[in-house]
Amino acid sequence: QVQLVESGGGSVQTGGSLILSCAVSRYVDIKSMGWFRYASGKEREGVAAIVSDGSTAYADSVKGRFIISQDAAKKTLYLQMNNLKPEDTAMYYCASDNGSVMDCSDGYCIPYDRLSWGQGTQVTVSS
């Protein structure tokens, strides 16, 4: 089973930037990876995903501000977060799968139930 460890969260002010990292124990049999967030009182939502062919998908709420990327040699998934807003405050998680990791409709993405979750990394954006 693939093990994922998230890092890079922190506290920033509105407009700030952060880079999240996700260390992957085994970079094999992975078709897609993604970043997700879980804010208090809300459902876990998909933020961004990247497929093995390099194609990406973003929730409308972060499109144009966040960039997902991966470095297979370093076995690491990244999320560059720019122009952060208070509504981005959440615990952020990464996930991988040998299929798709999230389903998007009308710009809103949700993770598939079969995904496994790590401990996450907290992002707090103050106004």
Side-chain angles (χ1 to χ4, degrees):
Q1 184 175 353
V2 176
Q3 306 222 346
L4 307 167
V5 179
E6 304 92 342
S7 62
S11 297
V12 297
Q13 293 188 324
T14 297
S17 297
L18 285 172
I19 300 176
L20 304 185
S21 299
C22 172
V24 184
S25 62
R26 295 187 307 120
Y27 229 91
V28 294
D29 297 328
I30 294 176
K31 178 180 179 181
S32 62
M33 298 190 69
W35 285 98
F36 304 83
R37 63 188 181 187
Y38 186 48
S40 179
K42 297 183 179 180
E43 292 184 338
R44 196 187 310 254
E45 65 171 324
V47 173
I50 186 166
V51 187
S52 55
D53 65 0
S55 59
T56 58
Y58 297 90
D60 279 0
S61 59
V62 305
K63 197 173 292 183
R65 300 188 297 123
F66 291 9
I67 301 171
I68 188 171
S69 62
Q70 60 183 340
D71 186 331
K74 294 183 179 179
K75 296 191 291 184
T76 304
L77 178 73
Y78 300 98
L79 185 68
Q80 169 77 50
M81 305 189 296
N82 302 314
N83 191 21
L84 283 160
K85 304 176 181 181
E87 52 263 42
D88 295 318
T89 295
M91 186 72 81
Y92 283 71
Y93 302 84
C94 61
S96 67
D97 197 76
N98 57 10
S100 300
V101 292
M102 66 186 192
D103 181 35
C104 299
S105 177
D106 295 329
Y108 184 78
C109 305
I110 57 174
Y112 285 109
D113 290 340
R114 63 176 180 271
L115 300 182
S116 297
W117 305 105
Q119 293 185 325
T121 186
Q122 177 68 38
V123 172
T124 302
V125 185
S126 58
S127 57

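Remember, it's a predicted structure, so these values are computed and weren't measured experimentally. Atom set for the values below is all heavy atoms of this structure, side chains included, hydrogens, waters and symmetry mates excluded.
Heavy-atom neighbours of E87 CD from other residues, nucleotides or ligands within 6.0 Å: above the threshold of 12.
The line from OG of S21 to CD of Q80 is 10.0 Å long, rounded to the nearest 0.5 Å. Rounding to the nearest 0.5 Å gives a distance of 9.0 Å between OH of Y78 and CD1 of I19. Between the CZ atom of R44 and the CH2 atom of W117 there is a distance of 4.5 Å, given to the nearest 0.5 Å.
At a threshold of 4.5 Å between non-hydrogen side-chain atoms, the residues I67 and Y58 count as touching. By the 4.5 Å heavy-atom criterion applied to side chains, R37 and D88 are counted as neighbours.
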Any chance you could lay out the side-chain contact (heavy atoms from CB on, under 4.5 Å) test for R114 and D97, step after step, and finish with the verdict? CA-CA 9 Å; R114 63 176 180 271; D97 197 76; 3.0 Å; yes
For side-chain contact (heavy atoms from CB on, under 4.5 Å), just list the numbers for K31 and V51, CA-CA rounded to whole Å, side-chain angles, deciding distance to a tenth of an Å, and then say yes or no. CA-CA 6 Å; K31 178 180 179 181; V51 187; 4.3 Å; yes
Given side-chain contact (heavy atoms from CB on, under 4.5 Å), test F66 with L84 step by step and report yes or no. CA-CA 9 Å; F66 291 9; L84 283 160; 3.8 Å; yes
Report the C-alpha separation of E6 and W35 in whole Å, then their side-chain angles, then the decisive distance to 0.1 Å, and conclude whether the side-chain contact (heavy atoms from CB on, under 4.5 Å) test is met. CA-CA 10 Å; E6 304 92 342; W35 285 98; 4.0 Å; yes
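Cluster annotation: V24 is not connected to Y93 through the hydrophobic network of ILVMFWY side chains, with a link wherever side-chain heavy atoms come within less than 4.5 Å.
For the pair S25 (side chain) and V2 (backbone), a donor-acceptor distance under 3.5 Å is absent.
Partner of S96 under the side-chain contact (heavy atoms from CB on, under 4.5 Å) criterion, chosen from I50, L77, L115, I30: I30.
Remark: K63 engages D60 in a salt bridge, criterion side-chain N to carboxylate O under 4.0 Å.
A donor-acceptor pair shorter than 3.5 Å can be found between the side chains of S17 and N82.
The two atoms that bring M91 and Q122 nearest to each other are SD-N, 3.4 Å, heavy atoms only.
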